[in-house]
Amino acid sequence: MALRGLAHSGPNSRGPSEEVVAAAEERRAPAVVPVGAVREDDEEDDGRGRGLLRWDGFSAWLHCVCVVGFDLELGQAVEVIYPQHSKLTDKEKTNICYLSFPDSNSGCLGDTQFCFRFRQSSGRRVSLHCLLDQFDKDLPVYLKDPAYFYGYVYFRQVRDKTLKRGYFQKSLVLISKLPYIHFFHTVLKQIAPEYFEKSEPYLEAACNDVDQWPAPVPGKTLHLPIMGVVMKVRIPTCHDKPGTTQIVQLTQQANTHISVILPTVHEVDLFRCFCPVFLHSQMLWELVLLGEPLVVMAPSPSESSETVLALINCISPLKYVSDFRPYFTIHDSEFKEYTTRTQAPPSVILGVTNPFFAKTLQHWPHIIRIGDLKPAGEIPKQVKVKKLKNLKTLDSKPGVYTSYKPYLNRDEEIIKQLQKVLIVSSFKGVQQKRPSEAQSVILRRYFLELTQSFIIPLERYVASLMPLQKSISPWKSPPQLRQFLPEEFMKTLEKTGPQLTSRIKGDWIGLYRHFLKSPNFDGWFKTRRKEMTQKLEALHLEALCEEDLLLWTQKHTEVETVDLVLKLKNKLLQADREHLPVKPETMEKLRTHIDAIIFALPEDLQGILLKTGMT
């Protein structure tokens with residue numbers, strides 16, 4: 001395997017001044033150019049109308065686009081990185097090279113799409129001009145993944161007698177920090193086939209289109225043109241009601257310019273992925289919830305990546321906080337770390353296709369072996385739960401290989417619902433099965449209700465750890481949250497446990513005890529504790545605003561008054577820096593208080609305090 005130099009340069013700049021060029025050279029980025037994108041409506045005007053650095057619009061969606069080819073002497077090689085100034089470390093390039101091609105045993109002829117995920121190199125500096133960070137706070141927690149890159153692959157392998165190897169093999173890969181699986185796979189379907197015919201000029205044009213897109217602001221519905229196709233998407237927000245599709249599918253007549261409407265940017269076809277194992281879907285939900293080490297062995301990266309992503313998705317809106325790799329190879333930089341036998345397998349979900357893993361990962365406690373995923377509408381034979389010792393090779397029969405005993409009884413109702421074939425008559429009298437999309441909606445709702453039934457008692461208990469609002473004094477530091485006590489929580493389950501919202505019976509107490517020791521609980525509680533602490537800070541700010549601070553200063557010394565002003569200014573900075581849930585009018589009221597206090601002081605102190613911080 002080797003890395004080639006960059007084969008193609010980016011598009012020409014459009015006459016910027018020498019000063020701007022010099023500044024851009026220092027950043028190794030192209031210079032400022034006017035943005036001329038025409039937007040469909042005002043809601044998409046999120047800074048794109050103002051002059052931005054070239055490629056800022058692109059960087060909000062993608063880190064770069066790579067073309068990975070196969071060379072008989074060099075092996076897999078990065079042939080193109082676009083835009084040219086995009087920075088990837090050697091380790092990141094190596095990961096992209098190996099993860100962009102299926103294993104040779106997969107035999108993927110034709111076009112194949114899949115996804116991979118890899119760790120960003122440590123010490124990577126976030127671009128000062130990247131628009132992602134300011135929107136991150138409004139994203140659902142399960143879509144925040146700042147330490148990783150996602151690779152979206154369109155791989156083509158076709159016979160070509162003119163080549164020594166006898167095959168044309170190449171991948172077009174989109175590298176992004178956004179886990180918008182469905183969206184980027186749709187983008188690739190639009191541009192990759194044309195790219196393989198028209199090569200680099202087409203890729204440059206597609207990247208220019210992406211650079212004109214409005215930023216991916218959570219909650220916004222966007223119209224995104226790319227190479228003659230307009231996609232309508234909505235970016236999820238943390239305020240969305242779980243399980244609902246927010247995008248409004250308008251009539252064809254009102255939107256004749258829209259080619260593709262995506263009801264989701266990140267979800268996969270849940271039923272298609274769970275179809276071979278839906279008899280055991282509840283057990284798999286438990287394994288993912290508890291952060292158990294899990295391996296998906298599949299015939300191709302397409303099946304492995306879809307299944308891993310479906311598993312992660314099944315505990316939504318709870319975030320799966322451990323590592324997961326939709327497609328994992330023996331060349332991965334974490335291969336030794338994840339396959340060592342000197343310690344217990346880590347909390348991670350791996351998707352693999354290489355037969356070598358059947359031996360390397362034999363010591364892992366839970367392995368799902370799946371065959372080819374059937375086309376939508378076809379129901380494959382259900383796999384069985386088998387003992388781990390029966391998994392000899394990757395050619396072993398499909399099945400769930402584990403000795404895990406589920407805490408909860410199996411929900412027979414959902415199984416009957418999914419097994420039941422809904423026959424409907426079309427206007428032509430043709431009988432047809434319930435579509436896979438409808439089955440996915442049923443399965444997604446089932447997982448959502450199961451996860452919510454499990455998490456609501458925890459939410460209720462954690463809310464009780466919040467101090468009463470009357471205990472918040474403007475003249476004291478905000479009170480601390482009470483400590484989370486596992487046994488105290490367990491006692492609440494008798495009256496307010498999951499039995500209030502779920503029909504499923506079983507050892508819920510045992511499941512909670514196991515969950516409280518898992519990485520997913522640590523991640524969830526850390527997020528909740530941060531949110532509640534910020535709420536206390538916000539309430540403390542509101543309490544300060546309700547006080548007559550000017551009257552207070554008349555009863556205290558100048559030194560104490562100056563100290564108060566400095567503390568209030570720090571409060572304002574903290575509220576802005578940490579995005580505290582404070583109303584704008586509260587912030588403005590506090591600024592007015594600060595100004596009033598400052599102007600009541602002697603002129604020499606006024607000058608100093610007005611220059612200190614911001615009011």
Side-chain angles (χ1 to χ4, degrees), residues 133-141 144 218-219 237-239 455-485 488-489 492 496 524-602 605-615:
D133 302 322
Q134 59 181 296
F135 306 137
D136 194 53
K137 65 184 178 69
D138 292 323
L139 274 175
V141 65
K144 297 178 183 180
T237 169
C238 56
H239 307 296
I455 214 73
I456 284 171
L458 279 161
E459 292 278 8
R460 189 181 290 116
Y461 173 71
V462 167
S464 73
L465 304 180
M466 188 85 164
L468 296 174
Q469 190 164 349
K470 65 182 182 182
S471 67
I472 299 173
S473 166
W475 307 113
K476 295 179 181 178
S477 296
Q480 299 293 307
L481 295 174
R482 286 200 305 116
Q483 188 179 355
F484 186 106
L485 301 173
E488 185 179 64
F489 164 67
T492 68
T496 58
W524 172 82
F525 184 59
K526 183 179 179 181
T527 300
R528 292 294 289 116
R529 184 171 53 196
K530 180 182 177 181
E531 291 170 351
M532 292 167 70
T533 302
Q534 288 182 336
K535 180 64 177 175
L536 284 171
E537 291 286 354
L539 290 171
H540 188 244
L541 264 179
E542 289 178 12
L544 277 167
C545 285
E546 295 306 313
E547 287 292 310
D548 188 341
L549 300 179
L550 198 57
L551 179 64
W552 182 90
T553 61
Q554 293 169 6
K555 301 176 182 178
H556 292 77
T557 64
E558 276 187 8
V559 173
E560 290 172 315
T561 300
V562 169
D563 186 53
L564 175 66
V565 169
L566 294 176
K567 285 180 178 178
L568 291 176
K569 286 194 172 192
N570 281 334
K571 280 280 185 183
L572 283 175
L573 290 171
Q574 179 193 13
D576 186 57
R577 182 177 64 249
E578 298 179 10
H579 306 294
L580 297 183
V582 183
K583 296 175 183 177
E585 50 267 33
T586 301
M587 298 283 281
E588 192 55 42
K589 193 173 180 181
L590 193 56
R591 289 189 184 96
T592 304
H593 277 315
I594 293 172
D595 288 342
I597 294 171
I598 290 175
F599 288 121
L601 289 168
L605 282 176
Q606 286 182 30
I608 295 170
L609 290 174
L610 287 171
K611 292 177 183 177
T612 306
M614 294 177 63
T615 59

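Quick caveat: nothing in here was measured; it's all calculated off a predicted structure.
When side chains are defined from C-beta on, L605 counts as touching E558, because their heavy atoms get closer than 4.5 Å. Inter-residue side-chain proximity for E531 and T527 is flagged as met; some heavy-atom pair is nearer than 4.5 Å. The side-chain heavy atoms of T492 and F489, taken from C-beta on, include a pair separated by under 4.5 Å. Contact check for H540 versus P479: no side-chain heavy atoms found under the 4.5 Å cut-off. Side-chain atoms of V562 and I608, non-hydrogen and from C-beta on, never get closer than 4.5 Å to each other.
Using a cut-off of 4.0 Å between Lys/Arg side-chain N and Asp/Glu carboxylate O, R591 and D595 are scored as not salt-bridged.
Across all their heavy atoms, Q534 and E578 have their closest contact at NE2-O, 3.0 Å. Across M466 and K535, no two heavy atoms sit closer than the pair CE-CG, 3.5 Å. R460 approaches T496 most closely through the heavy-atom pair NH1-O, 3.0 Å. Closest approach of C545 to T586, counting heavy atoms only: SG-O, 3.4 Å. Nearest heavy-atom pair, Q574 versus L580, reported as atom, atom and distance to 0.1 Å: O-CG, 4.2 Å. Nearest approach of R529 to L481, heavy atoms of both residues: CG-CD1, 3.7 Å.
Listed for the Y461 side chain is a donor-acceptor partner under 3.5 Å among the backbone atoms of L485.
Residue L551 holds its CG atom at 4.5 Å from NZ of K555, rounded to the nearest 0.5 Å. To the nearest 0.5 angstrom, E547 atom CD is 8.5 Å from H593 atom NE2. Rounding to the nearest 0.5 Å places CG of L541 at 11.5 Å from CD of E546. For the atom pair CG of L590 and CG of L544, the computed distance is 6.5 Å after rounding to the nearest 0.5 Å. How far CG of L564 is from NZ of K571: 11.5 Å, rounded to the nearest 0.5 Å. T557 OG1 to D563 CG: the interatomic distance, rounded to the nearest 0.5 Å, is 9.0 Å.
Tested against I594, the residues L609, L566, V565 include a single side chain to side chain contact (heavy atoms under 4.5 Å, CB included) partner, V565.
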Going by atom type alone, with no hydrogens or angles, which donor-acceptor pairs under 3.5 Å involve a side-chain atom of residues 467-478 and a protein atom two or more places apart or on another chain?
residue	atom	partner	partner atom	Å
S471	OG	L468	O	2.5
S473	OG	W475	N	3.2

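Atom CD of E585 is surrounded by more than 12 heavy atoms from other residues, nucleotides or ligands within 6.0 Å.
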